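Hydrogens, waters and symmetry mates are skipped; everything else that's a heavy atom, side chains included, is used. Note that the structure is a prediction, hence the values are computed from the model and not measured. Chain letters run A, B, ... following the sequence lines, proteins first, then strands; residues in each count from 1.
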Amino acid sequence: MNTFKKALATAAFVASAAFAGPAFAQEASPVVLSGDVKAVVTSADAEGKETTQLVEPTTIVPGDRLVFGTDYSNTGDEPVKNFVVTNPLPGPVRLAPDADADLTVSVDGGETWGPLASLLVTLEDGSTRAAGHADVTHVRWTLAQIAPGESGRLEYPAIIR
Amino acid sequence: MDTQKLISSLLATSVLATLTLSAPAMAEGVSAGSLIENTATATYEDGEGPKTVDSNTVTVRVDELLDVTVTSQDSTPVAAEPGQEVLTFEVTNQGNGPEAFTLTANPAVAGNDFDTSVTSIAIDTNGNGVYDDGVDVILTGPETTPDLAADEAITVFVIVEVPAGVNDGDISDVELLAEAVTGTGSPGTTFAGAGVDGGDAIVGTTGADSAANGSLVVGLTTVDLTKAVSLLDPFGGTGAVPGTVATFTLTAVVVGSGSLDSLVITDGIPADTTYVPGSLTLDGAPLTDASGDDAGEASDAAGISVDIGTVNGGDSYDVTFDVTID
């Protein structure tokens, strides 16, 4: 186990080095994840028609809407399988109410998973209630396979608490 | 194999991190300066077995929202007379970071029957909700609250002087305005670098200023006292002869919109007459002559006295007593 941890630590080191030098990416980790965050700005034109834009989050306050994105790509020569991306929600945000209802989420720190509608929150007195968007602690995406050279983007919308 | 364990342990770490981050969050809005850090982790299998890779961590800082509300704490207009009166307000920092607010009291509100003059603005230092002269700190100009934490509220007193010459029932409003020291403006106005930890400060829906009116209503209350007498002579007439019973009626009418404390109606027994024991009444109900057992007392030497207590504008009281002419 100890040896394994060390090996993993080394792998992680190499992986982070790989971000700096893409030339090593294939050897270290064929999969590259790149995260970003955008703020959603809604503006209305003269006719009152609303348009939304994704902008750099320069000034953000409670109630503002953010979109967290993760770009993935398989830079290797071989397909990768059972590709699972897990994203703990930062504490200061909650999942936006209009998030994809089929998104796999957890409301208990990653213990149990499912669409939000299927999950329950256990209260202090032991009773349960239906989980809401503000209860979500993690979101997760599962892709059976990513072909060599394939890339994509995973996003979830959030609102600052 | 160990991968599952490893993943759980990684998840556990993430959960801890999430909980730590959420700790400083306020009931209404994350504190200014909070960092939002997002990292995704992927697990997958390639030809060589299970692998784990993290994304970079993106970090954004929550900026300072400038919002404030002012509310009057006087549920009904404060009853006022010429002289000092106190209006009570609450100022609440509705933003998500510490902020001080400049206070301005405006006594000249449109529609006023008269205008007061503002003596001072004070903070409820001892937190008892009542202005205590010499205890509650009087602000010096420019009147500014201490830094209020996010969601913190303080009680503010506006001390005004009601001028002489006002009429009963006159009303006057005093407006208290609170403005964020960092700045005010239309919602969305941004003050770069003026927020917590060098972040931006941005004006919220309140415009970072708020005002509320406190009301005064003049209550000038007086008592009109009238005295009447009716005579009944021993022969059934109304002549004033020895043996005639004179019934005096004292009528007290309270005029005005306020109230008065400790109204006592007294009268002497006229010379050459004798009080008829047990004849004292208040509004038709008999009172004893002894003192201390009810509102009234009466004697030949001291005259009559009826302690009515607190009375309100519009009230009316009738006191009667009888004497016989010697």
Would you compute the distance between atom [atom1] of [X] and atom [atom2] of [Y] and round it to the nearest 0.5 angstrom?
X        : Y       : atom1 : atom2 : answer
A:Asp71  : B:Asn56 : CG    : CG    : 9.5 Å
B:Ile202 : A:Asp64 : CD1   : CG    : 6.5 Å
B:Asp46  : A:Phe83 : CG    : CZ    : 12.0 Å

Does atom CD of A:Glu150 have more than 12 heavy-atom neighbours from other groups under 6.0 Å away?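 Result for CD/A:Glu150: enclosed.
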Which atoms of [X] come close to chain B, meaning under 4.5 Å heavy atom to heavy atom: side chain ones, backbone ones, both, or neither?
X       : answer
A:Leu66 : side chain
A:Thr59 : both
A:Val93 : side chain
A:Thr58 : backbone

B:Glu45 vs A:Asn82, side chain to side chain contact (heavy atoms under 4.5 Å, CB included): CA-CA, chis, key distance, verdict: CA-CA 6 Å; B:Glu45 289 167 24; A:Asn82 296 331; 3.3 Å; yes
Partner set under ring pair (Phe, Tyr, Trp, His ring centres under 6.0 Å) for B:Tyr131, not counting sequence neighbours: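 In terms of ring pair (Phe, Tyr, Trp, His ring centres under 6.0 Å), with neighbours along the sequence ignored, B:Tyr131 is linked to B:Phe157.
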Donor-acceptor contact present, side-chain B:Asp63 to main-chain A:Val61, <3.5 Å: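 Here the side-chain-to-backbone pair does not exist.
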Closest approach of A:Leu33 to B:Asp54 (non-hydrogen atoms, all atoms of both residues):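 So the two residues come closest at CD1-C, 4.1 Å.
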Under 4.5 Å, heavy atom to heavy atom, which residues of residues 177-201 of chain B contact chain A?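 The list, in residue order, reads B:Thr190, B:Asp200.
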